[in-house]
Every structure is written in C-alpha cells, then in structure tokens.
Amino acid sequence: MTPAATASAPTPSASYNRADWASAFRNVVSELSAVSLNAARGSVPPELSGCLYRNGPGRLERGGRWVHHPFDGDGMITALRFEGGQAQLSNRFVRTAGWQAEEEAGRFVYRGVFGTQKPGGALANAFDLRLKNIANTHVVRLGDQLLALWEAAEPHALDPDTLETRGITLLDGVLKPGEAFSAHPRFDPGHHGERRMVTFGVKAGPTSSIRLMEFAVADDPGSGVRAGQLLAERRDSFRGFAFLHDFAITPQWAVFLQNAIAFNPLPYVFGQKGAAQCLASKPGEAGQFWLIPRPGSAAAERHPQPLRVPAPEGFVFHHLNAFEDGASGELVVDSLYYADFPSIGPDTDFRSVDFESIPEGQLLRCRIDLERAEADPAGAVRQHWLEQRCCEFATVHPARQGLEPRFAWMAVAERERGNDPLQAIEKLDLVSGERRVWSAAPRGFVSEPVFVPRPGADAAAEDDGWLLCVVWNGARCASDLVILNAADMGEQAVLELPLAIPHGLHGSWVAAGA
Ligand code: CO
C-alpha cells in the first residue's frame, strides 16, 4: 500500500528524503481503542491531563485508485489521552454517509473537491455536483460532543470518549441542512465574561456572505445558558467570490481576509476538475480584509457595517492571531502568507510535488490603522515579516487568543530559506525575534503543534506548558507523538504509536474535567 516507489523526483534539499515524506501517504488500516503507550524516550509529564484530538485524511485509496489530493481523504480522528504520566491511543474514521457508501462499494462513489474523480472519466463525473462531506479538517469539543469539521458543510458529532459517530449535527437547529460551517473556530478565552467558540460559515458566489456565530462552551447555571448554545450571530454580504478558510478574533472584531481569487465552475460542472481546482489567483490584484465588529462590542456600535481594507498581495489560508493595540489604535493581524495561490493541477501526482516551484508560507504582521480605514483605506495598512522561514500551523497560548502574544509556535522547514516539507517546530519570541527550534529531520515530518498550558500555571507565563505534535517517522513508517517543553523546546517525551497516520490537518486539546 505504500506509494513510496512512485516518488522518484529529485530532492533539492539535503534535510530530507522524498521517499520518507511520501511514505506517509497511505491508508489507515486499523481502528484502535484505548491502547496503552510507553515512552520510547523521556517520560510523559504527570500533570499532563486531558486529551489531544487530531483530524486528517485517513483513507487515500479505494479499489486501486488514489485520491487526486490528500485533502480529499476521509476524516479519521486520533485521540491521545493523558493521565498520571500514562498515555492511551484510540482512532476512528468518521462514519460519514460518503465513507459508508464507499466502504460498501469498495470504490470512490463521490467526486472530491480537490480533484478526485469517480471511475469512468469526465462523462461519469459531469453534472455530479453532490458534495461528499468528508469531515477531515479539524476536531473540537463543544458541550458533550466532539465536532468533526469540514468547512463546506455541517459538522459531524462524535462521542468524545468512544469516538463513535453520532451523525451530522445541526447544533440544535442553529444550522440549516447542508449549511457551511467553518473548520476553523476560535476559542475566545473570556473577553465577554465567559469562554466562547466563535466561528463562521461562508456562502460563496458572485456575492458572498459570512454568518458569524458565537457559542457558549460551558453550562452557566446562573443564566441558564447551556454549552453549545448560540449566544450571538450576525450576517454580512459583500460582492465577489470569497474563499475563507480561517479567520481571527479580537475582543471586538472578527477579521477575515478575502483572497484575490476567481472561481470558474465550468470545468467542475463538466467533470474535468474538482471544485477547488477551479480556483485561480487574479494576477496583480490584492485581497482585502473584512473587519466585522463582533455582536455586542463597542466596535459594533461605532461601525454598523464591516470595514473593508486592502490587504497585501499574496494568498492566506491561516492566521496566527489578531489583537487590538490600544496604544496605537491599530488592529494587528498576523497571517501565514504565500506569494501566490498554490493551485492543484489536473495532471500532477501529489507525491511528486516540486517544492521548489511553489511558494512557502511566511508569517506577516499587518497593522491596520482603524481611524484611516474609513477615510483612506489604501494607506491604512503597514506590514512587516515576523518569520520568513517556511512555516505553517502557527499557534499562541490559548489565553492570548485575541490579545497581543509574546510567543508563537509553528511548524517550520529544516532549511531557513526556500520551500520544503515541515520538519521542525519553532518557538518565536515576537518581541525580541529570538528563535528556538526542535527538529525531527532528517527522517521526521511534523504536523501542527498544539500548545497545552501547564495546569495551574500563571497564564502570564505564556510559555509554561508543552507542545504536542504528531510526527511522521520515515524510518519506522509510522507516527510518533512528541511532547516538547514549550519554554526551551527541549524534548520531554517521544511515544512511538502503533499506527501510521498520514500527514494530518488540525487538532485541539481538551483538558480533563473541561
Ligand atoms: Co486549516
């Protein structure tokens, strides 16, 4: 089942072997339940108490045919539970309708958004515009359920302990059937009194609309509010096609970056391309920030309509964070910028991607002068690089969500310049610029690091905690869970998992008792 033999393109960088990187593209073949793990090196901190949930594509091949892009792979949830210095591993596929139909058929029954076609060529695929909700992008806890998220449709609800799929959820009637629900919620640590899950759904077209939603994350017996209850929402429409994968929040604002890309649906409708392959950047055009005041905030009183501000040229999937700089009156947004939209060609094999030919992500800080934003939007943004080393999956301490952070942690390439697979985790001091790096090179490939605060630690000690990261170990052809000390980036423990998890997407930490 390993496709490594097909990956023969030259490797431009000495830090990795392409076959090692490509060996992670495979099917997950087992579903484990609470398997005890031993540390191969180091030890699990006894105070680490809770569960790391991760999501990502777990099924990349059916009936001898491979997905065109791994993002078309079915969502598989990994749960790593920690208590008293012990660790346990469970994993389950999300039982989506598409997964069940294709398991039964033994072949792809649906087209994928990223170009996977049903057998039979364009004729068999033309006019089949059914979306396969593959629930593969992120997993978060809301109330008594886990939500497996995929941005183009509703979440799937799972049991947080057994990972059993309960089914599609409309969140107590908040969503309409089929309604888009982002895979990038942000957890407001309490800027409005209580913790909230802030998220959005996008309806994209010639005119696009954003539905901003804020949910309670805990029961409040005093007010009768229940975890998962919708506390506030608003809807805004604007002209132009919107591809919005992520956003950022501050106490008063929800920050969106509308990339300058166009959508030509015809090759999709006629069965030649997946929907995401019909996206193309508009050369010479820049995107724009949409600053939407959060319901009930002072900004919402001053600005009934969203503010539109031109953004620097480039393409953004993910943001690190945003905050309001009280001293300067600026709104500051830190984003992972690519020089161009990395389009997915119809004939390319995802395993032989030429890293040299596609732009790397780099961390850019934009300072938006809110006073000028209305009178002179073109002159309202100042920008500078925070990190030019190839980076992705950047995060801050959860208590700094929406506030100015001191530190950021992110997945980076081993090389300091140029585009390569992500092999290391970097701690970046946003004030001094000091960097500390833990590396899995040459045979390891990192995924998104998840920050876990040390229980009872002063939140002001922003780096007092651990980073949990699933690492593809090319030497073992399996996955490791690496625990790093977030302050000095020293290796705390390495757990060799009895599971091979393909390169994944997003995950979250749920503290015990939370
Ligand atoms: Co994402």
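Order of appearance sets the numbers: ligands from 1, and atoms from 1 within every ligand.
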Metal environment of the Co ion (ligand 1), protein N/O/S under 2.8 Å: His184 NE2, His245 NE2, His318 NE2, His506 NE2

Anything under 3.5 Å between a donor and an acceptor, one on a side chain of residues 246-253, the other on a protein residue two or more places apart or in another chain? List them.
{"from": "Asp246", "atom 1": "OD1", "to": "Arg186", "atom 2": "NH2", "distance (Å)": "3.3"}
{"from": "Asp246", "atom 1": "OD2", "to": "Arg186", "atom 2": "NH2", "distance (Å)": "3.0"}
{"from": "Asp246", "atom 1": "OD2", "to": "His319", "atom 2": "N", "distance (Å)": "2.9"}
{"from": "Thr250", "atom 1": "OG1", "to": "Gln252", "atom 2": "N", "distance (Å)": "3.2"}
{"from": "Thr250", "atom 1": "OG1", "to": "Trp253", "atom 2": "N", "distance (Å)": "2.9"}
{"from": "Thr250", "atom 1": "OG1", "to": "Glu324", "atom 2": "OE2", "distance (Å)": "2.5"}
{"from": "Gln252", "atom 1": "OE1", "to": "Ala299", "atom 2": "N", "distance (Å)": "2.7"}
{"from": "Gln252", "atom 1": "NE2", "to": "Glu324", "atom 2": "OE1", "distance (Å)": "3.2"}

Is it true that the NZ or CZ of Lys427 lies under 6.0 Å from the centre of Phe407's six-membered ring and within 45 degrees of the ring axis? yes

Between Trp21 and Arg443, is there a cation-pi geometry (under 6.0 Å to ring centre, at most 45° from the normal)? no

What residues, two or more places apart in sequence or in another chain, satisfy side chain to side chain donor-acceptor pair (under 3.5 Å) together with Glu414? Ser439

Regarding Glu392 and Tyr338, is there a side-chain donor-to-acceptor distance under 3.5 Å anywhere? yes

Holding to side chain to side chain donor-acceptor pair (under 3.5 Å), I want the full list of residues that pass it with Thr116, two or more places apart in sequence or in another chain. Asp72

